[in-house]
Amino acid sequence: MTKLAVFLALCLAVSASWAQTIKIGLVTALSGQSARAGEAITRGLSVAIDEINAGGGVLGRKLELVRRDDEATPAKGVIAARELLFREKVAVLFGGLDTPVSLAIVPIVNEQKIPFMGPWAAGTPITKNGAKDNYVFRVSAVDEIVNKAMLQYSQKVFNAKNCGMILVNNPWGESNEKGLHAALGAKGMKPAGVEKFEGNDIDVVPQLTRLKEAGADCLFLVGNVGPSAQVVKSLDRMGWKPPIVSHWGPAGGRFTELAGPSAKDVHFVQTYSFFGRQGPVGEKVLAALKKKYSDIKGPGDVTPAVGVANAYDAMMLTALAIRNAGSTDGPKIREGFYRIGKHEGLIKTYDKPFSPGSHDAVNENDYVWAQFIDNQILPVGMKK
């Protein structure tokens, strides 16, 4: 065989290898009130995948992102997940912006032995799902940890002593109700009251009135964009302005548009902010976002930043797990997550982020408190 023939054969072999991509699936809300959060997750994954592919890919193969819209509905999320698992043959599935969607997908991935990585949904039972062989991992907030942080923040910043809960009536609300009761109980405290609202409610004045009459001096809010906005608007109608300490639901979409001027009064948890001094990874990711997306001119355009940051770090850790596995076999990738050592990420420097007893890489030391200022998510107290 001539040198030219050998060269051509090698080129063909490399081309064939690159043609066989490793598919990464994403099930998330790509339409509706939370579409902005779904797009943020997409962008975080895409920037990470571009970086990984530019560095030679994983196992000599490019990564390819394949998305499906769950419309924030568990039934549609299950259909989307099944399509990605069985038709697209994804090696790892990302997603579940909404806790109910994630909880619906969990049994499927555990049965099929395909790793499921969560970059957003915070429900405690998602990763603590009781499966003997648990394939669900997460780089995101966790309700039971966030709930401790919510209580601590309400006491430190607002000197609150009698907070009431106003929670969405779904599994995410239930997860937070349990976590908040535990956080309060650990300090010998009880809530002023617990009130629920439906995702499509347009008036929650009756529930809020009961909390006001019970003497609530602050509110713990848990709900996604639309319902949280209705809580704020109902408070405006009442003329009641208690401090609002929220989970990160308001960050996921058109909150300022829907809630109006009082949107700025809600303080909510985040895992990252592109404002302020950035480390090397932050500078690199922000530069990549500006280059790839024409609408991103600065940190205020990366919104919600938590979706981008969580997804970026989750994808980088997933790539390490696949490399550790030396394979796209689900059980081997699962073991690969446990063998990740130190990794300098965007949110933090991870050191053995996963173990058989802990599938959550982010803890209570990794949270940032934020609020909306002129339609931008800024750390509390930071001026534009």
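Just so it is clear, the values below take in all heavy atoms, side chains as well, and ignore hydrogens, waters and symmetry mates.
For residues 209-230, every residue pair satisfying the salt bridge (Lys or Arg N to Asp or Glu O under 4.0 Å) rule, not counting sequence neighbours, is listed here: Glu195-Arg210. Residue pairs satisfying the salt bridge (Lys or Arg N to Asp or Glu O under 4.0 Å) criterion with at least one member in residues 248-261, sequence neighbours excluded, are listed as follows: Arg254-Glu257. Judged as a salt bridge (Lys or Arg N to Asp or Glu O under 4.0 Å), the pairs with a partner in residues 159-177 (not counting sequence neighbours) are, in order, Glu177-Lys196. Applying the side-chain hydrogen bond (donor to acceptor under 3.5 Å, both in side chains) test to residues at least two apart or on different chains, the pairs with a partner in residues 321-347 are Tyr338-His359. The disulfide bond (SG atoms under 2.5 Å apart) contacts involving residues 31-64 comprise nothing, where partners must be two or more places apart or lie in separate chains.
Placement of Leu97 and Val27 in two distinct hydrophobic clusters is found when ILVMFWY residues are connected by side-chain heavy-atom separations under 4.5 Å, directly or transitively. Two different hydrophobic clusters hold Ile126 and Trp248 under the rule that ILVMFWY side chains link at heavy-atom gaps under 4.5 Å. Under the 4.5 Å side-chain heavy-atom criterion for ILVMFWY residues, a single connected hydrophobic cluster contains both Val47 and Val281. Linking Ile, Leu, Val, Met, Phe, Trp and Tyr residues whenever their side-chain heavy atoms come within less than 4.5 Å places Ile347 and Tyr312 in a single cluster. Hydrophobic cluster membership differs between Val232 and Ile202, with clusters built from Ile, Leu, Val, Met, Phe, Trp and Tyr side chains linked at under 4.5 angstrom.
Contact record, Gly164 with Ala216: N-CB, 4.0 Å, taken as the closest heavy-atom pair. Of all non-hydrogen atoms in Leu26 and Gly95, the two that sit nearest each other are CD1-CA, 4.1 Å. Residues Asn176 and Val222 approach most closely at ND2-CG1, 3.5 Å, considering heavy atoms. Contact between Tyr350 and Val139 at its shortest, heavy atoms only, is OH-CG1, 3.6 Å. Between Phe197 and Gly223, the shortest heavy-atom contact is CZ-CA, 4.3 Å. Scanning all heavy atoms of the two residues, the minimum distance from Phe337 to Leu317 falls at CE2-O, 4.1 Å.
Residues Asp201 and Gln230 have side chains not in contact (no heavy-atom distance under 4.5 Å, counting atoms from C-beta outward). Using a 4.5 Å cut-off on side-chain heavy atoms (C-beta onward), Trp240 and Leu219 make contact. Residues Leu180 and Val194 have side chains not in contact (no heavy-atom distance under 4.5 Å, counting atoms from C-beta outward). Side-chain atoms of Met315 and Glu51, non-hydrogen and from C-beta on, never get closer than 4.5 Å to each other. No side-chain heavy atom of Cys163 sits under 4.5 Å from any side-chain heavy atom of Leu151. In this structure, the side chains of Ile145 and Tyr367 come closer than 4.5 Å at one or more pairs of heavy atoms. Looking at Trp369 and Met150, their side chains come closer than 4.5 Å, going by heavy atoms from C-beta outward. Here the side chains of Asn53 and Leu63 are in contact, with some heavy-atom distance below 4.5 Å.
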Determine all donor-acceptor pairs shorter than 3.5 Å in which one atom belongs to a side chain in residues 86-94; sequence neighbours excluded.
residue, atom, partner, partner atom, Å
Glu88, OE1, Lys23, NZ, 2.7
Glu88, OE2, Arg68, NH2, 3.2
Lys89, NZ, Phe86, O, 3.3

Under 3.5 Å, sequence neighbours excluded: what are the donor-acceptor pairs made by side chains of residues 99-118?
residue, atom, partner, partner atom, Å
Thr99, OG1, Gly123, N, 3.1
Ser102, OG, Gly96, O, 3.2
Asn110, OD1, Tyr135, N, 2.7

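Separating the OG atom in Ser154 from the CG atom in Leu184 is a distance of 8.0 Å, to the nearest 0.5 Å. A distance of 7.0 Å separates OG1 of Thr124 from CG of Asn147, quoted to the nearest 0.5 Å. For the atom pair CE (Met238) and CG (Asp236), the distance works out to 10.5 Å, reported to the nearest 0.5 Å. Within the model, atoms CH2 of Trp172 and NE2 of His247 stand 5.5 Å from one another, a figure rounded to the nearest 0.5 Å. Atom-to-atom distance recorded for Arg277:CZ and Glu283:CD is 8.5 Å, nearest 0.5 angstrom. Note that CG of Asp50 is 11.0 Å distant from CG of Leu45, once rounded to the nearest 0.5 Å.
Checked against side chain to side chain donor-acceptor pair (under 3.5 Å), Lys348 has the following partners two or more places apart in sequence or in another chain: Asp366. The side-chain contact (heavy atoms from CB on, under 4.5 Å) check on Thr256 picks up Ala263, Phe372, Asn375, with sequence neighbours excluded. In this structure, the side chain to side chain donor-acceptor pair (under 3.5 Å) partners of Arg237, at least two apart in sequence or on a different chain, are Asp203, Ser234. Residues passing the side chain to side chain donor-acceptor pair (under 3.5 Å) test with Asn224 are Asp98, sequence neighbours excluded. With sequence neighbours excluded, no residue forms a side chain to side chain donor-acceptor pair (under 3.5 Å) with Asp301.
Shown here is Lys128, whose NZ atom has no more than 12 heavy atoms of other residues, nucleotides or ligands within 6.0 Å. For Lys284, the NZ atom counts as densely surrounded, since its 6.0 Å shell holds more than 12 non-hydrogen atoms of other residues, nucleotides or ligands. A 6.0 Å sphere centred on NZ of Lys156 holds no more than 12 heavy atoms belonging to other residues, nucleotides or ligands.
Using modelled atom types, one side-chain atom of Ser355 and one backbone atom of Ser358 make a donor-acceptor pair closer than 3.5 Å. The main-chain N or O of Glu71 is found under 3.5 Å from a side-chain atom of Asp69 such that the two form a donor-acceptor pair. A donor-acceptor pair under 3.5 Å is formed between the side chain of Gln278 and the backbone N or O of Ser273. Ser140 places no side-chain N or O within 3.5 Å of a backbone atom of Arg138 that could act as its donor or acceptor partner. Between the side chain of Asp313 and the backbone N or O of Leu346, at least one donor-acceptor pair lies under 3.5 Å. Side chain of Thr42 to main chain of Gly38: a donor-acceptor pair is present (N/O by atom type, distance under 3.5 Å, no hydrogens or angles).
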Practice problem: Take Val308 and Tyr272 through the test side chain to side chain contact (heavy atoms under 4.5 Å, CB included) and record every step on the way to the result. | Solution: CA-CA 9 Å; Val308 173; Tyr272 194 77; over 6 Å; no
Practice problem: List the steps, then state whether side chain to side chain contact (heavy atoms under 4.5 Å, CB included) holds for Val285 with Phe274. | Solution: CA-CA 9 Å; Val285 173; Phe274 283 95; 4.1 Å; yes
Quiz prompt | Ile41/Asn310 under side chain to side chain contact (heavy atoms under 4.5 Å, CB included): CA gap, chis, key distance, verdict | solution = CA-CA 8 Å; Ile41 292 170; Asn310 291 358; over 6 Å; no
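Under the 4.0 Å criterion applied to side-chain N and carboxylate O atoms, Asp295 and Arg43 are assigned as salt-bridge partners.
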